[in-house]
Amino acid sequence: MQFARAGALVGAAVAAIAATVFAAVPASAHTPELVAKCEDGKTSLSVKLAAYAESTAQKTNHIKVVLDGTEELENKDFGRSFEGSYSTSGDVEREFVVEVTAYDDSRFSFKETKTVKACVVPPTTTTTTTTTTTTTTTTDATPTTGVTTGPPSDTTDAPAPTTTTTTTTAPAVVPVADAGDGLADTGASIAIPLVIGVVLLGGGAALLIVLRRRAAND
């Protein structure tokens, strides 16, 4: 009886250990691998699921992958394993949501979010500024006498005008001596004798006229 009881205890202990071992093996086997990254201008996600329970006609495992909350990348059943890769542009931050349902035990089901920063470097924008300079030339309408304005570098000073003054001198008038009768000038003036002669001649003419009138009256 004692041996029977001891055997029963050992058998129960072995069964409990075996149950614990078999229960632990699936737990360690359900190990998902999710890798999300951004490189070479692309954001990518890889999913690997292995050692899941084999699907049956009534039960199966399921996976769903959604990008940025709106784009459904995957939505399907799978058996013992699953592998999938997804990629998109890396110009903005991306978010992958992976949801796995394990039919054999809810402990192996999970929902995980992978957020990936953008890896695309925006191109450098070069701004070219064109400056237009407008030159305004103002011409004074007031005439300027004798002044010519021009660029200093292109103008050669003209020689100053030379003023020539011509003075005409009239020849001096040289009095010519009266040749007359060729007599030498003695310095005596004949004006006085002429005046006296004229007076005497006038007086004689007047006396003659008086005498004739008297004679006529007699």
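Residue numbers run from 1 in the order of the sequence given.
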Original post:
Is there a donor-acceptor contact under 3.5 Å linking the side chains of Ser55 and Thr60?
Top reply: yes
**OP:** Identify the heavy atoms of Pro32 and Leu49 that sit nearest to each other, and give their distance.
**Re:** CB-CD2, 3.3 Å
Subject >> Value rounded to 0.5 Å, distance of CG in Leu45 from CD in Glu95 >> reply: 12.0 Å
Subject >> Minimal non-hydrogen separation, Cys38 against Gly90, with atom names >> reply: SG-CA, 3.9 Å
Original post:
If Ile, Leu, Val, Met, Phe, Trp and Tyr residues are connected whenever their side-chain heavy atoms lie under 4.5 Å apart, and connections chain through other members, are Val65 and Phe78 in the same group?
Top reply: yes
Original post:
What is the distance from atom CZ of Arg212 to atom CG of Asn217, rounded to the nearest 0.5 Å?
Top reply: 14.0 Å
Original post:
Transitively linked via ILVMFWY side-chain contacts under 4.5 Å: Val66 with Val100?
Top reply: no
Subject >> Co-membership, hydrophobic cluster, residues Val98 and Tyr86, 4.5 Å side-chain >> reply: yes
**OP:** Begin from the C-alpha positions of Asp105 and Arg107 and carry the test salt bridge (Lys or Arg N to Asp or Glu O under 4.0 Å) through to its verdict.
**Re:** CA-CA 5 Å; Asp105 196 328; Arg107 292 180 301 169; 2.9 Å; yes
**OP:** Answer yes if Ile63 and Leu34 sit in the same cluster of Ile, Leu, Val, Met, Phe, Trp and Tyr residues linked by side chain heavy atoms under 4.5 Å apart, and no otherwise.
**Re:** yes
Original post:
Are Val116 and Val35 connected, step by step, through hydrophobic side chains (Ile, Leu, Val, Met, Phe, Trp, Tyr) whose heavy atoms are closer than 4.5 Å?
Top reply: no
**OP:** Please round to the nearest 0.5 Å and tell me the distance separating atom OG1 of Thr88 and atom NZ of Lys42.
**Re:** 7.0 Å
**OP:** Please answer whether the main-chain N or O of Gly79 pairs with a side-chain N or O of Asn61 as donor and acceptor at a distance below 3.5 Å.
**Re:** yes
Original post:
Do Ser109 side-chain atoms and Ala102 backbone N/O form a donor-acceptor pair below 3.5 Å?
Top reply: yes
Original post:
In Å, rounded to the nearest 0.5 Å, how long is the span from NE2 of His62 to NZ of Lys76?
Top reply: 10.0 Å
Original post:
Stepwise, does the side chain to side chain contact (heavy atoms under 4.5 Å, CB included) test hold for Leu67 with Phe96?
Top reply: CA-CA 5 Å; Leu67 171 64; Phe96 295 96; 3.7 Å; yes
Original post:
Run the side chain to side chain contact (heavy atoms under 4.5 Å, CB included) check on Glu93 and Asp68 step by step: do they pass?
Top reply: CA-CA 9 Å; Glu93 182 178 279; Asp68 295 336; over 6 Å; no
Original post:
What heavy-atom pair brings Val120 and Gly41 nearest, and what distance separates the two atoms?
Top reply: CG2-CA, 3.7 Å
**OP:** Please report the shortest heavy-atom distance between Glu72 and Lys64, naming the atom on each side.
**Re:** OE1-CE, 3.4 Å
Original post:
Between Arg94 (side chain) and Ser87 (backbone), is there a donor-acceptor pair under 3.5 Å?
Top reply: no
